[in-house]
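In what follows, chains carry the letters A, B, and so on, assigned in the order in which the sequence lines appear, proteins first and then strands, with residues in each chain numbered from 1.
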Amino acid sequence: MERYNFKSIEEKWQKLWDKKKLFQTNLDKTKKKFYCLEMFPYPSGKIHMGHVRNYTIGDVLARYKSLQGYNVLHPMGWDSFGMPAENAARQNNLSPKKWTEENISNMKSQLKLLGLSIDWDREISTCSPEYYKHQQEFFLELYDKGLVYRKEQYVNWDPVDNTVLANEQVIDGKGWRSGAPVERKKLNQWFFNITHFAEELLESLNSLEEWPNKVKIMQKNWIGKSFGCEVKFKIETGNPIEEIKCFTTRPDTLFGSSFLALSVDHPLSKHFVNDQNFLEFKKKCNETGTTEESLANAEKIGFKTELTAINPLDQNIKIPVYFANFVLMDYGLGAVFGCPAHDQRDLDFAKKYKLQVLPVVTPEKDNQNFQVQDEAYTGPGYIFNSSFLNGLQCPDESIIKTIEHLEKINFGEKKINFRLKDWGISRQRYWGCPIPIIYDENNNPKKIPKNMLPVMLPDINKLKTSGNPLDNEIEWKNIIIDGKKYYRETDTLDTFVDSSWYFLRFCSPKKKEYGFNYEDINYWMPVDQYIGGVEHAILHLLYSRFFMNALAHKNNKFKFKEPFKGLFTQGMVCHETYKDQSGNWVSPDEIVNIDGKKYLKNDNSHLVKVGPSESMSKSKKNTIDPENIIKDFGADSVRLFILSDSPPEKDVQWSIEGISASFKFIQKLWNLNIRFHEEIKKNHDEDSSDKLNRFTNKFIKKVEENLNSFSYNVIVANLYEAYAYLIKDLNNNYKSNTLKENYKKILTVITPIIPHFANECLETLSINETLSWPDYDSKLIEENEIAIVIQINGKKRGLVKAKRGINENNLYDIIIKDEKLKKYIKEQKIKKKIYIENRIMNIII
RNA sequence: GCCCUCGUGGUGAAAUUGGUAGACACAAAGGACUUAAAAUCCUUGCCGCUUGCGGAGUGCCAGUUCGAGUCUGGCCGAGGGCACCA
């Protein structure tokens, strides 16, 4: 039998689609739109299996929506600024630009091998001046709106990369890329005022119905809204310091407070800069880092001051003031009051410094003797030991009442606090978008005039090994405008800024005057389905949501609010791991399989240790190169397999056995195609078209439902079943027309999965018209004869074949005549019969 | 510690949303074809009784129900997120 030649056939279709510009989209208000977007890749050099999975999932959806008659926008671009280019350029002594451009061209041709339905005319690259020009415009717009500002701040300093790291780029106290221990350093930084929108970003999470709950919860926790109160503590007289303000969510525990604790960065620390002991303490605190886990386990330590604070609720209660390592300056007010009985951290601290532990919340109303030992009590209960607060129900009643009282006596104020911090966007890097700011002789920042945009990144062919590259570009840095001397900002923007609006640019990729057309974005946006890895659950998605808010701030031209209506987070691609006898990682290419055991290829006497399946990574050598795989098995086989084994949201295990099975299956489908043509040629007179029609309609229904629910793995199973059914059913002497009509529908619904193959088969049927998604007929799907499950006392005892819609009595007549079933019933009395039509009957004896 | 998600064969997984548990696939074992191998096809898959049938069975223990993988409560385990957050 003729083999299916995937190589020539896939190439042929890809060329044809390209030539016809089949996936090119244009604004068309007469059609309903569908914006399908996958997270765009960083051009690291080669595509990996994660890309293959991501873009295949998106392509299935885009092709499906297109068949359904939607005007589909399915673009692709490159997140092309970033550190790897800079690092690679340093290593190989070439320009980041050249490195990036070569990678893009290579990865683009690799992506094309997958046969994706992408509108390549809309391709964008964030490192091109055509793109970042508009980003600079936006920066200036936000600057005018007061959403950009500069402040001096402690930053996580990576001493190897010479750059600032975001908190989330610090892993276990080390830089996420360099692995170097992070230092603290004070720098002047540009910030986006994301906290201005904290409430809105939190609130409108509720409107995102098509987002995974998991992601919404992560964002909610990240924003971290908490309700509480600012409390004022007076300091005993005789000091230059008169009062200290604390933020607390538990003002109702004030009577249990036994100390005040300040961050070492608290403004009051300026009074202690001459105290050698304090400086040493501060140094010790800084050594432990800022937010790392090492610090979580660190001992709670404090530095006792001579200050004494007065409890605002009772002038007679006086407590000591400490600096403590567990208080952070950038949350709340950098000061807390410690209530050891009801906060574990405070309890640990109190025990170390022998401070009072007075419980003020008792779990049971009557238990006035409640004591706290080693574990702080944080649960609900009733206030006691608290003068006029006694008896209040905690926390609901007690917190509100206490705040009311504090406000009345002018010692407190209701306050909502957010964990979210402003977004630091300055990066001391070359390969990023230049910040369109200049400084005058007095170091005052000024906007670059709009007509001077873009601020072009100067070409640097040889990067120095350390420092901020732009700072060394003297000619570029110094600039004269209207006869006045200025120097440029030499930091570049965080690359998360680049990806915070690229989805808008795709709507108007060629527009020169501005980043987008309002007409375009108001038609295409929001993105109907966004698909990508869950690792972007917080930052990228939150920043993009912020950016939309910021652009729409004081601007009513946007007809949508949230950028991503639907979000789907796909799982990772995993592979078994291998190690040789000496414990070195071994790549799958270096292994042969003999009698079910795995040996080293070059030395097949050496058994290889097979480890657990883990997400593909270069360090574990368990990666598979998509390009080679596509060349060996074809794009359709790869698409079929990457979809087949696991639901898209879960991890999938790549295996050579799996891809081989998909490859063989495509050949079987090709044989089925040949059988169809044989039968069509025979031109039978007899026809029992109902049977095949019913099958086809059922198949369409299943595929459609599974497409709608992202159950792409089940579609592959449906396809396997369809093959098994059809290869036998073709012997039923169907008329040519019946065969043709049904086969066309079946092929049409599988084009999203295996587009080259399905289109080739359609062509062999001489079908050249534009395809559309076939409707199924629900009536046709119902079988007339059905199998009904018979249970006796809830246990399955048999199946009865009957006509659809049979009533209870008629069904029972069949049951008592059934040889097998009647013996269970015998003469016994029947207590009850439960009959669910067409499904099940349960007989209770 | 807090929050979230998930526990189904040797493996990846299905299950009309409370109604035949294990579809479909991988791996394994046995068989057919073949001189042989590859390829292809078929069968098997827990426990009893040599067929057929019966029993157990969706992490564990209870509960609701005619009926629970699915709902409720408790426990155990795995994964992910967050964290001196006041």
Side-chain angles (χ1 to χ4, degrees), chain A residues 168 212-222 224-226 228-229 231 246-251 253 261 263 288 290-293 295-300 324-328 330-339 342-346 348-349 375 378 417-420 534-535 537-538 574 596 613 641 644-647 649-653 655-662 664-665 667-668 671 701-702 705-706 711 713-724 787-799 820 831-836 838-844:
Chain A
E168 51 278 7
N213 218 17
K214 177 174 68 171
V215 175
K216 287 195 274 188
I217 287 165
M218 278 195 242
Q219 293 212 354
K220 191 181 161 201
N221 293 339
W222 189 261
K225 180 180 180 178
S226 59
C229 172
V231 188
C246 301
F247 174 74
T248 178
T249 54
R250 294 298 306 275
T253 62
S263 159
T288 34
T290 47
T291 59
E292 296 71 43
E293 204 178 302
L295 197 123
N297 304 320
E299 195 187 3
K300 319 260 170 298
N325 64 340
F326 62 87
V327 184
L328 303 175
D330 50 12
Y331 184 80
L333 298 166
V336 299
F337 73 77
C339 177
H342 304 291
D343 183 300
Q344 190 59 44
R345 196 185 38 196
D346 296 345
D348 295 345
F349 190 80
E375 210 174 305
T378 54
N417 201 39
F418 291 94
R419 179 186 174 275
L420 185 69
V534 73
E535 66 273 18
I538 298 173
C574 301
S613 191
F641 177 59
S644 69
D645 260 20
S646 296
E649 70 274 15
K650 286 177 88 176
D651 288 354
V652 66
Q653 255 130 70
S655 68
I656 189 73
E657 290 82 8
I659 178 69
S660 308
S662 296
K664 285 174 200 164
F665 183 62
Q667 179 59 42
K668 282 163 88 173
N671 298 342
K701 182 170 189 259
K702 277 193 234 168
E705 285 171 353
N706 289 322
S711 306
N713 55 326
V714 186
I715 300 176
V716 178
N718 296 149
L719 187 53
Y720 272 95
E721 281 172 321
Y723 167 82
I788 296 172
V789 179
I790 308 304
Q791 295 183 335
I792 312 287
N793 287 339
K795 269 192 181 139
K796 182 193 160 195
R797 292 299 182 190
L799 284 173
K820 202 181 128 192
K831 282 189 194 154
K832 205 174 176 183
K833 288 190 292 242
I834 294 110
Y835 175 49
I836 308 294
N838 300 331
R839 267 197 196 160
I840 196 163
M841 182 184 268
N842 191 1
I843 299 168
I844 311 301

What are the two closest non-hydrogen atoms of [X] and [Y], and how far apart are they?
X: Ile790(A); Y: Ile843(A); answer: CG2-CD1, 4.4 Å
X: Asn417(A); Y: Phe247(A); answer: CB-CZ, 3.4 Å
X: Val534(A); Y: Met218(A); answer: CG2-CE, 4.3 Å

Indicate the ring-plane relationship of Phe326(A) and Phe349(A), choosing parallel, tilted or perpendicular according to the 30° and 60° boundaries.
perpendicular
Taking only the side-chain nitrogens and oxygens of [X], find out if one of them lies under 4.0 Å from OP1 or OP2 of [N].
X: Asn713(A); N: A14(B); answer: yes
X: Lys832(A); N: C66(B); answer: yes
X: Lys650(A); N: A13(B); answer: yes
X: Tyr720(A); N: A25(B); answer: no
X: Arg419(A); N: A83(B); answer: yes
X: Arg345(A); N: G1(B); answer: no

Students often get this wrong, so: under 4.0 angstrom with heavy atoms, is Ile834(A) touching a base, only sugar-phosphate, or nothing?
base
Select base, sugar-phosphate, or nothing to describe what Ser646(A) touches, counting heavy atoms under 4.0 Å on all strands.
sugar-phosphate
My understanding is that a pair needs two contacts under 3.5 Å, Watson-Crick or G-U wobble. By that rule, which nucleotide pairs with G57(B)?
none
Both distances under 3.5 Å, Watson-Crick or G-U wobble: report the partner of U17(B), or none.
none
Would you mind telling me which of [options] lies closest to the side-chain atoms of [X]?
X: Val789(A); options: G19(B), G12(B), U20(B); value: U20(B)
X: Ile836(A); options: G19(B), G12(B), C24(B); value: G19(B)
X: Arg839(A); options: A23(B), U16(B), U11(B); value: U16(B)

Comparing nearest nucleotides in RNA chain B, the 5'-proximal residue of the pair Val534(A), Asn221(A) is Asn221(A)
Could you check Lys795(A) against Asn213(A) and say which one's nearest nucleotide on RNA chain B is further toward the 5' end?
Asn213(A)
C4(B) base / Lys214(A) side chain donor-acceptor hit below 3.5 Å
no
For a quick check, with a 4.0 angstrom heavy-atom cut-off, what is the B/S/- contact string for nucleotides 39-46 of chain B, read 5' to 3'?
-SS-----
Indicate yes or no for a side-chain donor-acceptor contact from [X] to the backbone of [Y] under 3.5 Å, with no hydrogens or angles considered.
X: Asn706(A); Y: Ser711(A); value: no
X: Lys820(A); Y: Leu799(A); value: no
X: Asp346(A); Y: Cys339(A); value: yes

Based on the glycosidic angle (syn within 90° of 0, else anti), state the conformation of U35(B).
anti
